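Working notes, beginning with the structure itself.
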Amino acid sequence: MLRLILAEDSVLLRAGLTELLTRGGHQVLAAVGSAEELVRAVGAQRPDVVVTDVRMPPGFRDEGLRAALELRSQDPSLPVLVLSQYVATAYATQLLTGTSGGGLGYLLKDRVGEVAEFLDALQQVAEGRTVIDPEVVRVLLSHRSADRPLARLTPREREVLTLMASGLNQALAGRLFITEAAVVKHASSIFMKLDLDATEGNRRVLAVLAHLSAQEA
C-alpha cells in the first residue's frame, strides 16, 4: 500500500482518482486542488509518492509542475508522478533532469489506456524508477530540434531515442519492426554522437535531456 497525496484542480477528476487509488489498495492522505495546498500537504503528511497535475490555480499555467520542483528541491528522494494533458517543456525538463534519487513519472491523461497501466506506473515511480510517456519526450526533444547535438541524429535514431522513454527494451524492436541487434546498434550510435555513456533503463533518456539542457545554459 502506498500513501499518496493527489493534486488535481478538477473536482470530479480528483474524486475519481481518489476512488481509483483507494480501490487499488492505496491510501490517499490528501486530495487537494491547488499547488499551494499540495506543498502544505506534503510538508505535513510526508507521503510515499505525489501525483500532481500541471495546470492549477490561480494561473492555470504550470503551478503544479513548479510545486513539484519545489518539493523535489526540498527532498530529492520524493517520488513524483505528473499526470496531465499538457507538456510544460521548460519546467518538465528541469524536473526530469534537475535532481536524482526518487522516482519520477510524466504521463499524459489522454494516453493512459488502462487503469492497470496507471497503477503500474505509480508503483514504478514509488520504487524509484522513471516512467515517461514517449510523447512527452518527443515534445521535449522537438523544442531542441535546432540544437547541434540532436541534429547529429538520423530520423530513425530520434525515433529510437523517443521510445526509450517508456522503458522499452525487447518491445522497442517490435514497435519499430526491426531486430534487437538493430536497436542496440542505434542506441550505441546515439550515445556516441551525443558523447554520452550508455546506461540502463529510462535514465538514458534523462541523460540526453540533461545534456541538451546543458547546451542551452
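On a predicted model such as this, the values are computed, not experimentally measured, just so you know.
Counting heavy atoms from C-beta outward, L107 and V136 have side chains that stay 4.5 Å or more apart. Using a 4.5 Å heavy-atom threshold, the side chains of P58 and E63 count as touching. Side-chain contact check for L21 versus Q27: every heavy-atom pair is 4.5 Å or farther apart.
Judged as a salt bridge (Lys or Arg N to Asp or Glu O under 4.0 Å), and not counting sequence neighbours, R61 has no contacts. The salt bridge (Lys or Arg N to Asp or Glu O under 4.0 Å) search around E117 returns none, not counting sequence neighbours. The side-chain hydrogen bond (donor to acceptor under 3.5 Å, both in side chains) search around R3 returns none, not counting sequence neighbours. With sequence neighbours left out, E36 forms a salt bridge (Lys or Arg N to Asp or Glu O under 4.0 Å) with no residue at all. Every side chain to side chain contact (heavy atoms under 4.5 Å, CB included) that S188 has, sequence neighbours left out, goes to V184. For T179, the side-chain hydrogen bond (donor to acceptor under 3.5 Å, both in side chains) criterion is met by no residue, not counting sequence neighbours.
Rounding to the nearest 0.5 Å gives a distance of 10.0 Å between CD of E127 and CG of L122. With values rounded to the nearest 0.5 angstrom, T154 atom OG1 is found 3.5 Å from E157 atom CD. Considering CD of E135 and CG of D110, their distance stands at 11.0 Å, rounded to 0.5 Å.
The salt bridge (Lys or Arg N to Asp or Glu O under 4.0 Å) analysis of residues 17-33, with sequence neighbours excluded, yields the pairs E19-R23. Within the structure, side-chain hydrogen bond (donor to acceptor under 3.5 Å, both in side chains) contacts touching residues 37-52 (residues at least two apart or in different chains) are S34-E37.
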### Task
Report the C-alpha distance between L104 and V125 in whole Å, list the side-chain angles of each, state the deciding distance to 0.1 Å, and finish with yes or no for side chain to side chain contact (heavy atoms under 4.5 Å, CB included).
CA-CA 5 Å; L104 282 171; V125 169; 5.7 Å; no

### Task
Please step through side chain to side chain contact (heavy atoms under 4.5 Å, CB included) for the pair V39 and E70, ending with a clear verdict.
CA-CA 8 Å; V39 173; E70 178 181 343; 3.7 Å; yes

### Query
side chain to side chain contact (heavy atoms under 4.5 Å, CB included) between I5 and V51: does it pass, once the steps are laid out?
CA-CA 6 Å; I5 289 180; V51 179; over 6 Å; no

#### Entry: Trace of the side chain to side chain contact (heavy atoms under 4.5 Å, CB included) decision for Y106 with V54
CA-CA 10 Å; Y106 201 129; V54 170; 3.5 Å; yes

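A donor-acceptor distance shorter than 3.5 angstrom exists from the side chain of H26 to the backbone of L2, with no hydrogens or angles considered.
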Can I get a per-line list of side-chain donor-acceptor pairs under 3.5 Å for residues 80-88, giving both atom names and the distance, sequence neighbours left out?
| unit_1 | atom_1 | unit_2 | atom_2 | d |
| --- | --- | --- | --- | --- |
| S84 | OG | D53 | OD1 | 3.2 |
| S84 | OG | Y86 | N | 3.0 |

Counting only pairs under 3.5 Å, give me each side-chain donor-acceptor contact of residues 8-18, with atom names and distances, residues two or more places apart or in other chains.
| unit_1 | atom_1 | unit_2 | atom_2 | d |
| --- | --- | --- | --- | --- |
| E8 | OE1 | K109 | NZ | 2.9 |
| E8 | OE2 | S10 | N | 3.0 |
| S10 | OG | L13 | N | 3.3 |
| R14 | NH1 | E8 | O | 2.6 |
| T18 | OG1 | R14 | O | 2.8 |

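L108 and M56 fall into different hydrophobic clusters, where Ile, Leu, Val, Met, Phe, Trp and Tyr are joined by side-chain heavy atoms under 4.5 Å apart, directly or via other members. Following chains of ILVMFWY side-chain contacts shorter than 4.5 Å, one can reach V49 starting from V112, so the two form part of one hydrophobic cluster. Hydrophobic clustering, with ILVMFWY side chains joined whenever heavy atoms are under 4.5 angstrom apart, keeps F60 apart from L6.
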